[in-house]
Each structure stands twice: as C-alpha cells, then as structure tokens.
Protein chains: 2
Amino acid sequence: MRGNLFAVAVDLVVLTVRDGALCGLLVQRAAPPYAGYWALPGGFVRPREDLRDTAARQLAELTRAATGDAVTGHLEQLASYATPDRDPRGRVLSVAHLALLPDLPEPVADPEAAVSAWRPIDETAGLAFDHDRILADGVERARAKLEYSTLAASFCPSEFTISELRRVYEAVWQTEIDPRNFSRKVTSTDGFLMPTESRAAGGRGRPAQLFRRGPATALSPPLTRLL
Amino acid sequence: MRGNLFAVAVDLVVLTVRDGALCGLLVQRAAPPYAGYWALPGGFVRPREDLRDTAARQLAELTRAATGDAVTGHLEQLASYATPDRDPRGRVLSVAHLALLPDLPEPVADPEAAVSAWRPIDETAGLAFDHDRILADGVERARAKLEYSTLAASFCPSEFTISELRRVYEAVWQTEIDPRNFSRKVTSTDGFLMPTESRAAGGRGRPAQLFRRGPATALSPPLTRLL
DNA sequence: GCAATAGTGTCTTTTAGACACTATTTA
DNA sequence: TAAATAGTGTCTAAAAGACACTATTGC
C-alpha cells in the first residue's frame with residue numbers, strides 16, 4: 001500500500017481552571033528535537049491501540065488517577081495535524097485530543113521524569129512543533145463548547161457550587177457574569193445540576209448548596225458569551 | 001521512530017440538498033477489499049501533501065469544478081478514525097473531511113471511472129469499512145453547525161432566495177419552519193444575506209429576491225432546531 | 001378569476017439582562 | 001457590628017412563535 005507511511009502520535013490539550021485562570025498542562029522536552037522546549041504532552045499510538053485509548057492512557061499517566069475514581073473529566077478528539085515538515089524526524093501525524101479536568105488536588109505527575117507544569121494559556125507562546133496552534137485550537141473548542149453544552153462541569157470536582165461553576169465560565173471566557181442571572185439560567189436548565197444535601201464549608205459568606213452533574217449534555221437555549 | 005507506521009487516507013463526507021432531501025456522495029468500490037460495496041470517496045495522502053490539500057484535490061476531482069469558479073461550498077476537517085482492524089489491508093488511519101456543496105448542475109464526475117451517486121442519507125446503510133459511522137458523524141456535524149453558523153448558505157448556489165435557504169434547513173433538520181419567522185430571523189442577522197438587484201424567475205408565485213452570502217459566519221443568537 | 005409563493009406586520013409568550021432585597025456565614 | 005457571599009424577586013427589553021394580511025406572479 002503506497003510508500004507514504006506516517007508515524008501517528010496523540011497530543012493532549014489538557015485544560016483546567018486554577019486561581020481564576022484557564023491553564024494548560026505542558027511538559028518540558030528532554031530529548032531532541034526541540035530539547036528544552038515546552039510542548040503538549042503526547043506520545044505515539046501503540047500497534048493495536050485505538051486513538052481514544054492512546055489518549056486515555058496518556059492522560060492517566062499524567063494524572064496518575066486511579067480508574068476507580070469518579071470520572072469528572074472529559075476527553076474528546078480535537079483534530080489531526082500533518083503538515084509535511086511539522087516534525088524534523090519525518091512524517092508524523094498528530095491526532096490532538098482535548099481533556100478538561102478539575103483542578104487536581106494532587107500535583108500532576110511526570111510519567112517519565114519529565115518536568116510538567118500548569119501554565120495560564122496566555123503565557124504559553126513558543127511551544128515546540130506546531131503546538132501553539134494546536135493549543136489555540138483546543139482552547140477555542142473549549143470556549144465554544146461551554147456555550148451550548150454542560151461541559152463546564154467537567155472543570156469542577158464531583159460536588160461543586162453554582163459560584164464555582166460560574167467562575168469556570170468567567171475564567172474560560174474572560175468575562176464577568178451576573179451571579180443572579182447565571183444562577184437562574186443553570187438551575188432552570190433541566191438535568192444540568194442535581195442538588196445534594198450538603199453545603200460548602202470554609203468560605204467567607206453564607207455556605208452555598210453543593211450540586212452534582214446531571215444527565216443533561218446540551219444547553220438549549222445556549223449561554224451567550226458576550227465579551 | 002517506532003515501527004508503528006500507518007497509511008493515512010482522507011475520506012470525504014460530501015453532502016448536498018436535492019429534491020428536499022439531504023444527500024451524500026458515494027462511490028462504488030471496484031477493487032477489494034469491499035469490492036462492489038458503496039463507500040465514501042477518498043484516497044491516500046501524497047508524500048508532501050497536507051491533509052486539507054488532499055481533501056481539496058479529491059473534492060475537485062469529484063466535482064471537476066474549475067478552481068476559477070466562485071467557491072460556494074465548504075470544506076472542513078471532521079475527525080480521524082484508526083481502529084486497528086478497520087481496514088483488512090493493514091493499519092490505515094483515515095482523516096475524514098466534511099464538504100457541503102450546492103446541488104450541482106453538472107453531474108458529479110467519476111475520476112477513475114468509478115461509479116458515483118448521490119444517495120439520501122437515510123438510504124445509505126451498509127457502506128464499506130467504518131464509513132456508516134463516519135457518514136453519521138458528518139451528518140451530525142452538519143446538523144449542529146446549521147444552528148449557530150451561516151453554513152446553510154454553502155448548500156445554496158451563489159445567488160439564492162430565502163425560500164431556498166429555508167428548504168436547506170428543513171431538509172437537513174427534517175423539520176418544518178415558518179417561512180415568515182424564518183425570513184425575519186435571517187434578514188435581521190447582520191452580514192448573513194446581501195441583497196442583489198435580481199429576482200428569481202420561473203417559479204409559480206411572486207418572484208423572490210435573490211441574495212448572496214454575506215461575510216458573517218456565526219449566528220447569534222442561533223437558530224433553534226426543534227423536532 | 002384562482003392558486004401559489006413572497007413579503008410585511010402584529011400580538012403573545014418566553015428569555016435575557018439589570019438590579020433591589022433578604023439570608024447566613026466569618027471576622 | 002461589618003464584610004462577604006448565597007439566594008430570591010422584579011422590572012424591562014429583546015427575541016421567538018403564532019398567525020393575519022397584502023403583493024405579485026402563472027394558469
């Protein structure tokens with residue numbers, strides 16, 4: 001079958017919200033090409049592995065999350081990149097995936113002793129390969145999807161308050177949202193938020209009610225992002 | 001670089017609206033595997049070709065459209081498929097692309113003397129490889145995008161009436177839309193429709209005004225699809 | 001004339017956006 | 001007590017949806 005063979009990699013755009021800023025997970029490359037540069041985490045697809053399995057395996061390595069835990073995150077295919085000279089080693093096609101995670105209490109681990117770090121997405125310029133572009137595409141996908149899906153909850157822990165959810169929107173969109181209108185909107189969307197018995201503790205004001213994610217995936221009508 | 005090399009193909013989900021039905025472009029395979037089966041048009045990526053160029057080249061071959069013509073269609077990357085045994089010849093990754101075209105006046109050509117045909121999308125079951133799945137993903141992408149983008153105009157010729165545009169929505173969503181409310185909605189969206197001096201001829205009733213696509217790409221607020 | 005389609009206007013209901021007010025916590 | 005955050009209610013403006021009416025064509 002033709003001689004045009006490709007190495008196929010999966011690169012991950014892993015996003016979270018910490019301290020009110022949308023952050024991406026980066027690793028520092030130890031070996032050439034681009035040794036010393038920051039890059040998206042990723043790796044090659046194994047011989048009998050499907051793309052999604054490759055992405056899930058790499059994500060698990062990065063977070064060292066026991067699979068038994070409640071899965072609050074989100075993983076989806078983003079796009080593929082195969083410009084002829086994007087990798088000096090040869091023809092490499094990268095199938096980028098987008099992962100949205102809650103701010104992890106345990107620090108993100110480095111599977112192969114590589115240095116990894118969360119970086120605010122507006123301080124990520126200068127990545128290896130075409131990873132600036134891939135990261136920008138992932139961020140834009142996330143921004144768009146918050147409008148018409150319940151995906152913002154993927155950035156929250158399994159139980160969260162409406163304020164936490166609102167701060168996710170504010171961080172991803174870099175907007176301010178009226179807390180009262182936001183509350184009305186999300187609580188009136190059927191299946192978005194399931195109330196729990198407990199309330200948040202440790203805050204400064206009145207303790208807020210805690211919610212879990214409901215079964216709804218779509219928001220209609222959508223939340224409008226107005227910058 | 002590891003021995004896990006892939007052949008990389010681009011498959012096309014080419015959609016149009018004809019006679020009030022959303023149709024996909026299929027080709028009948030001449031050679032094994034799946035000889036005699038209907039499949040999505042596609043082919044392998046050439047040695048120094050980018051993915052989008054492969055898709056555009058194959059689309060041009062299918063339509064024999066002179067590149068000088070006004071580009072009314074739309075082409076975007078859809079998703080990649082690489083399940084280990086999806087192709088019996090070996091490990092093949094397919095980067096599916098989605099193309100939206102107006103109903104072509106000239107018949108769609110067969111570049112390699114292959115039989116090709118437009119088929120209503122609900123009569124396409126039983127395609128080769130995993131093409132049923134890819135086609136379904138493409139149709140779902142198109143349905144979703146009509147809601148919040150001006151992409152419906154890609155299904156129309158360069159000049160079209162509001163009725164033609166409405167019939168695109170009705171065919172893709174399989175809904176009925178009130179012509180008067182639809183007209184109000186699309187004409188009040190800035191940059192969606194640019195009026196021309198001419199009017200449609202040959203219809204049964206009062207001749208309708210012809211429009212061209214405007215520069216707008218997003219619809220906000222979106223058109224709601226209610227089945 | 002009639003049937004068919006185009007185009008405009010009007011009314012009602014729903015939703016978004018702005019913002020007042022009360023409730024419950026910590027310091 | 002004040003400061004901070006949670007939660008509810010109210011008003012207004014915009015948009016959606018239903019539908020009456022006029023306009024212009026072919027037959």
Side-chain angles (χ1 to χ4, degrees), chain A residues 19-20 146-148 152 156 159-171 173 175-190 192-212 216 218-227, chain B residues 19-20 146-148 150 152 156 159-171 173 175-212 216 218-227:
Chain A
D19 304 323
L146 288 210
E147 292 192 48
Y148 52 89
C156 297
E159 297 201 336
F160 55 91
T161 67
I162 292 183
S163 285
E164 289 179 290
L165 186 64
R166 175 171 49 83
R167 269 181 268 274
V168 166
Y169 277 93
E170 291 177 333
W173 287 348
T175 342
E176 291 221 332
I177 300 176
D178 185 286
R180 299 155 295 185
N181 292 337
F182 180 81
S183 179
R184 169 160 47 90
K185 174 75 182 181
V186 294
T187 54
S188 69
T189 299
D190 244 41
F192 191 176
L193 300 179
M194 313 299 279
T196 71
E197 298 305 310
S198 32
R199 318 197 128 252
R204 261 196 296 273
R206 170 177 170 178
Q209 186 172 13
L210 286 167
F211 294 84
R212 292 181 173 278
L219 282 183
S220 68
L223 266 159
T224 43
R225 141 174 63 153
L226 10 110
L227 281 169
Chain B
D19 304 323
L146 288 210
E147 291 192 47
Y148 52 88
T150 62
C156 297
E159 297 200 338
F160 54 92
T161 68
I162 293 183
S163 285
E164 289 179 288
L165 187 63
R166 175 171 49 83
R167 269 182 267 274
V168 165
Y169 277 94
E170 291 178 332
W173 286 348
T175 342
E176 291 220 332
I177 300 175
D178 185 287
R180 298 156 297 186
N181 292 337
F182 180 81
S183 178
R184 169 159 47 89
K185 175 76 182 180
V186 295
T187 54
S188 69
T189 299
D190 243 39
F192 191 174
L193 300 180
M194 313 300 277
T196 72
E197 298 305 311
S198 32
R199 320 197 126 253
R204 262 196 296 274
R206 169 178 170 180
Q209 186 173 12
L210 286 167
F211 293 84
R212 292 182 173 278
L219 281 183
S220 68
L223 266 159
T224 44
R225 142 175 60 153
L226 10 110
L227 280 169

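What you see below is based on every heavy atom in this structure, not just the backbone, and it leaves out hydrogens, waters and symmetry mates. Quick caveat, the model's predicted, so the values are computed rather than measured. Throughout, protein chains are lettered first and strands after them, A, B, ... in sequence-line order, and every chain is numbered starting at 1.
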Provide, to the nearest angstrom, the distance between the NZ atom belonging to A:Lys185 and the C1' atom belonging to D:dT8. 18 Å
Could I get the full list of side-chain hydrogen bond (donor to acceptor under 3.5 Å, both in side chains) partners for A:Arg184, not counting sequence neighbours? A:Asn181
What is the distance, rounded to the nearest whole Å, between atom CZ of B:Arg180 and atom P of D:dA16? 16 Å
Does A:Thr224 put a side-chain nitrogen or oxygen below 4.0 Å from OP1 or OP2 of C:dT15? no
Please state how far atom CG in A:Asn181 lies from atom C1' in C:dG17, giving the value in whole angstrom units. 5 Å
Just to be sure I understand the rule, does B:Ser163 reach a base, reach only the sugar-phosphate, or reach nothing, if contact means heavy atoms closer than 4.0 Å? sugar-phosphate
Map A:Ser188 and B:Ala208 onto DNA chain C by nearest heavy atom, then report which one ends up closer to the 5' terminus. B:Ala208
Measure CD/A:Glu164 against P/D:dA6 and give the value in whole Å, please. 9 Å
Could you tell me the separation between the CZ atom of B:Arg166 and the C1' atom of D:dG17, rounded to a whole number of Å? 15 Å
In whole angstroms, how far is the P atom of D:dG17 from the OH atom of B:Tyr169? 13 Å
Counting only distance, no hydrogens or angles, is the base of D:dG9 paired donor-acceptor with the side chain of A:Arg184 under 3.5 Å? no
Between P of C:dA6 and CZ of B:Phe182, the distance in whole Å: 12 Å
Mind checking what makes side-chain hydrogen bond (donor to acceptor under 3.5 Å, both in side chains) contact with A:Thr189, not counting sequence neighbours? none
Whole angstrom value for the distance that separates P of C:dT8 from CD1 of B:Ile162: 8 Å
Step-by-step side chain to side chain contact (heavy atoms under 4.5 Å, CB included) determination, A:Leu223 to A:Trp173: CA-CA 12 Å; A:Leu223 266 159; A:Trp173 287 348; 4.1 Å; yes
Partners passing salt bridge (charged side-chain N to carboxylate O under 4.0 Å, His left out) against B:Arg167 (at least two apart in sequence or in another chain): none
Walk me through whether B:Ile177 and B:Glu170 qualify under side chain to side chain contact (heavy atoms under 4.5 Å, CB included). CA-CA 7 Å; B:Ile177 300 175; B:Glu170 291 178 332; 4.0 Å; yes
Are there any protein N/O atoms within less than 3.5 Å of an N/O atom in nucleotides 25-27 of chain D, and if so, which ones and at what distance?
| from | atom 1 | to | atom 2 | distance (Å) |
| --- | --- | --- | --- | --- |
| D:dT25 | O2 | B:Arg204 | O | 3.2 |
| D:dG26 | O4' | B:Arg204 | O | 3.4 |

I'd like a table of donor-acceptor pairs (distance under 3.5 Å, sequence neighbours excluded) in which one partner is a side-chain atom from residues 198-212 of chain A, with atom names and distances.
| from | atom 1 | to | atom 2 | distance (Å) |
| --- | --- | --- | --- | --- |
| A:Ser198 | OG | A:Thr196 | OG1 | 3.3 |
| A:Arg199 | NH1 | A:Pro207 | O | 2.7 |
| A:Gln209 | NE2 | A:Thr196 | O | 3.2 |
| A:Arg212 | NE | A:Glu159 | OE2 | 3.4 |
| A:Arg212 | NH2 | A:Glu159 | OE2 | 3.2 |

Sequence neighbours excluded - ring-ring contact (aromatic ring centres under 6.0 Å, His included) pairs with any residue from residues 178-203 of chain B: B:Tyr169-B:Phe182
